[in-house]
Amino acid sequence: MTDISESYRAEDITVLEGLDAVRTRPGMYIGSTSVTGLHHLVYEVVDNAVDEAMAGYCTSIEVTLLADGGCEVRDNGRGIPVDPHPQHPDMSAVAVVLTLLHAGGKFGGNGYKVSGGLHGVGVSVVNALSTRLEVEIDRGGSRHTMSFANGGDMTEKLRVIGDSPENRTGTTVRFWPDESIFDDVRFRAQGLLERLQMMAFLNRNLEINFRDLRPDGTGGADWTVYCYQDGISDFVREVNSSKDALFDDVGFFSQQEDGDEVEVAFQWNTGYNTDGLHSFANGINTVEGGMHEEGFRKGLTRVVNDYCRAKGHLKEKDDNLAGEDIREGLTAIVSVRLREPQFEGQTKAKLGNASMRSLVERATNEKLAEWLEENPSDARKIVTKCLQAQKARLAARQARDATRRKSALDGAGLPGKLVDCTSTNRDECELFIVEGNSAGGSAKDARDPKTMAILPIRGKILNVERVQVDRMLRNAEIQALVAAIGAGFGPEFDGGSENGNGATSQDNPPGDSKIRYGKVILLADADVDGSHIRTLLLTFFYRQMHKLVEEGHVYIAQPPLYSTEVGRSKIYLKDDHAKEAFLAENPKHSAEFQRLKGLGEMDAEELWATTMDPERRTLLRVSVEQAAIADGVFSRLMGEDVQARKQFIQTNAKDVRFLDI
């Protein structure tokens, strides 16, 4: 019989009240405790200010990284209400907003008609995950202040400290993230700037200012100002700035129905990528798409095919253009605003409102058809590119089918130089893509044959940013990559989802994916050539196996940069920071430091100990927070525009950690 003292009883049930649940499981509310989650705190506060702007009450937002590691967000909206709350008469409305989950002006009241912060946990989560939070509210001619500490404990009740300067209205929030919660509490200025610029694009004429007052900050103490009169049309121009546009003007249309609104801006370029569609709902980047994106895709395909047939570009016997033919080279922003958004989860990656699919599809059918008729010269260029894309797609299919026919069995087409692992459990299997045959030999000898597969590649693979698919498929190294990973490429890449936007679903979970490895690890030298090879590989994965990156399967190995002798043993140091820390701990160390550039310099035992052993290695996981920004970065670095690439390098030169000369 089970001892009752060890059984499951009522007192064993823990009830987390207030903000305790947030501190216990922060990942449920902000996604993770990495720098992504850290930045999510800033975004939650900024999103509240943007809600004021969408309601028509805010024109300026200021974000400051403070010298002591905190962050301040100031807006000139109406200010959070300070009077007692009807349901909690002993608490002010601002105290309710800052300390209770699911509290806010976005749940059916008259506070906001359109809002991204529907869940109402945003700013209270910021309070829960901060060692200190201060709020100042200018409202009704008075300045009010209130403060909290240690995850939401009130240290100063709401009080008036004076008159609002120049009869100002608005809210100022300052917070300092909790080091015991986050892996690192240092904000990354560049990541914040990218998100703030995106918010400015999505909210026409809203001015967003940023400055970095930290002593070693990279954002600059001077204000960086974002404000765009043309909104998402300027967004498309920015994304396409490093590409060769098919026509000068950015197309735009909008439509409103029953309080819901859709805006679409679009422009084709001469590139070959089909991933240039980016969608937003109430200012939230819906990276997994949703109904609004599905409606645009469907309407776009119908309108262009109808136009081609009406103008004689497609004959009766010709097949319709596929969606991917039409989207090749297209950069489009679809932004919707709606009263009752249905997001999946607090991170709001996918929109589920079926009504938005109908609205966006109707708007596209009507407005895009009008645009094509009103711009015949631009329409002709679009049609020509779509027909060329169709020919390339058919040629690529023939090349792919020819490659498959070379194998007696479809599943037997693994590349000959792949040294595969024996496990059939995808989650534990790892594919190391290794630069050079010599390093591949060491990796083969060092690996755990049960879970680690090795694919050596020779030299630098093709830059897929500049070529069409049929030429890409003729490259031996790319053929080997596609065959080894096993899930296809491009629009046919099978990452475990069959819906229109590539997101997994309950009907088709990630386990249905044809991806053969849970981790795809890039293992290249720590020199310039190695960096170039990594960039080429990342470009290929981002453009042709986007879901592999999106789902977090791609990693970058971190081989050590230095080795040195300590007595009779050799130790390895990851980077300059590790070297400096070692010297601080061993000031009398006199042996020279060897800079390691080639993986081929290590024997199998060294490679295992420093780079491949799961117990000791360091891996960088590749992720994409802002797809539209990443799109532009890849185009600048890997595209045809040399001047744009030069400007990017000059702008980011100060952030370089290691320079190999």
Side-chain angles (χ1 to χ4, degrees), residues 414-421 423 426-462 475-486 515-542 544-545 548-549 552-563 572-575 578 594-623 657-658 660:
L414 293 177
K417 57 185 177 180
L418 171 69
V419 183
D420 210 357
C421 53
S423 173
R426 188 195 70 178
D427 292 338
E428 70 176 4
C429 292
E430 301 175 344
L431 173 64
F432 283 84
I433 300 173
V434 184
E435 170 195 354
N437 291 328
S438 59
S442 297
K444 176 183 176 182
D445 294 337
R447 73 187 181 118
D448 177 351
K450 179 184 177 183
T451 61
M452 295 178 177
I454 307 297
L455 179 64
I457 58 173
R458 180 188 297 179
K460 299 173 182 177
I461 71 166
L462 194 67
N475 182 272
E477 303 301 326
I478 288 180
Q479 287 179 6
L481 287 169
V482 173
I485 293 171
I515 300 171
R516 300 182 63 243
Y517 304 95
K519 290 185 177 70
V520 176
I521 302 171
L522 313 186
L523 183 54
D525 290 341
D527 58 7
V528 170
D529 286 337
S531 297
H532 193 193
I533 290 170
R534 278 192 298 272
T535 304
L536 289 167
L537 286 167
L538 288 174
T539 303
F540 170 71
F541 289 134
Y542 183 78
Q544 298 298 330
M545 299 183 179
L548 193 73
V549 180
H553 291 293
V554 180
Y555 294 78
I556 298 175
Q558 298 288 284
L561 282 177
Y562 299 103
S563 68
Y572 297 90
L573 301 171
K574 179 177 176 290
D575 51 28
Q594 180 69 34
R595 174 71 182 265
L596 302 175
K597 290 187 179 182
L599 295 171
E601 297 178 14
M602 300 185 194
D603 58 28
E605 183 178 347
E606 289 176 317
L607 190 60
W608 170 260
T610 62
T611 311
M612 298 180 69
D613 182 2
E615 299 296 326
R616 291 178 283 181
R617 71 188 182 189
T618 300
L619 299 178
L620 289 180
R621 189 176 190 177
V622 179
S623 63
R657 292 189 300 161
F658 310 117
D660 182 81

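The analysis underlying the following values was restricted to heavy atoms, covering all of them including side chains, and did not include hydrogens, waters or symmetry mates. Everything numeric here is computed off the predicted structure, so don't read it as measured data.
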Please report the C-alpha distance between Tyr562 and Arg595 in whole Å, then the side-chain angles of each, then the deciding distance to 0.1 Å, and finally whether the side chain to side chain contact (heavy atoms under 4.5 Å, CB included) criterion is met. CA-CA 5 Å; Tyr562 299 103; Arg595 174 71 182 265; 3.9 Å; yes

Between Leu431 and the options Ile521, Leu418, Ile454, Ile515, the side chain to side chain contact (heavy atoms under 4.5 Å, CB included) test singles out Leu418

So, applying side chain to side chain contact (heavy atoms under 4.5 Å, CB included) with Thr610, which one of Pro560, Pro559, Ser563 is it? Pro560

Closest non-hydrogen atom pair between [X] and [Y], with its separation:
X      : Y      : value
Ala604 : Ala446 : O-CB, 3.2 Å
Ala609 : Arg616 : CA-NH2, 3.7 Å
Val434 : Ala443 : CG2-CB, 4.1 Å
Cys429 : Cys421 : SG-SG, 3.6 Å

Just grab all the salt bridge (charged side-chain N to carboxylate O under 4.0 Å, His left out) pairs involving residues 439-455, residues at least two apart or on different chains. none

May I ask you to decide if Met612's main-chain N or O and Arg617's side chain share a donor-acceptor pair within less than 3.5 Å? yes

Side-chain donor or acceptor of Arg621 paired with backbone N/O of Gly552 under 3.5 Å: yes

Determine whether Phe540 and Val482 satisfy the following criterion, side chain to side chain contact (heavy atoms under 4.5 Å, CB included), listing intermediate values before the conclusion. CA-CA 10 Å; Phe540 170 71; Val482 173; 3.9 Å; yes

Looking at [atom1] of [X] and [atom2] of [Y], how far apart are the two atoms once the value is rounded to the nearest 0.5 Å?
X      : Y      : atom1 : atom2 : result
Ile461 : Leu537 : CD1   : CG    : 4.5 Å
Leu620 : Leu522 : CG    : CG    : 10.5 Å
Leu619 : Leu523 : CG    : CG    : 9.5 Å
Lys519 : Asp427 : NZ    : CG    : 9.0 Å
Arg516 : His553 : CZ    : NE2   : 14.0 Å
Glu477 : Ile457 : CD    : CD1   : 6.0 Å

Thr618 meets the side chain to side chain contact (heavy atoms under 4.5 Å, CB included) criterion, sequence neighbours left out, with Gln558, Lys574

Trace of the side chain to side chain contact (heavy atoms under 4.5 Å, CB included) decision for Ile485 with Phe541: CA-CA 11 Å; Ile485 293 171; Phe541 289 134; 3.5 Å; yes

Take Asp420 and Tyr517, measure what side chain to side chain contact (heavy atoms under 4.5 Å, CB included) needs, and give me the verdict at the end. CA-CA 10 Å; Asp420 210 357; Tyr517 304 95; 2.7 Å; yes

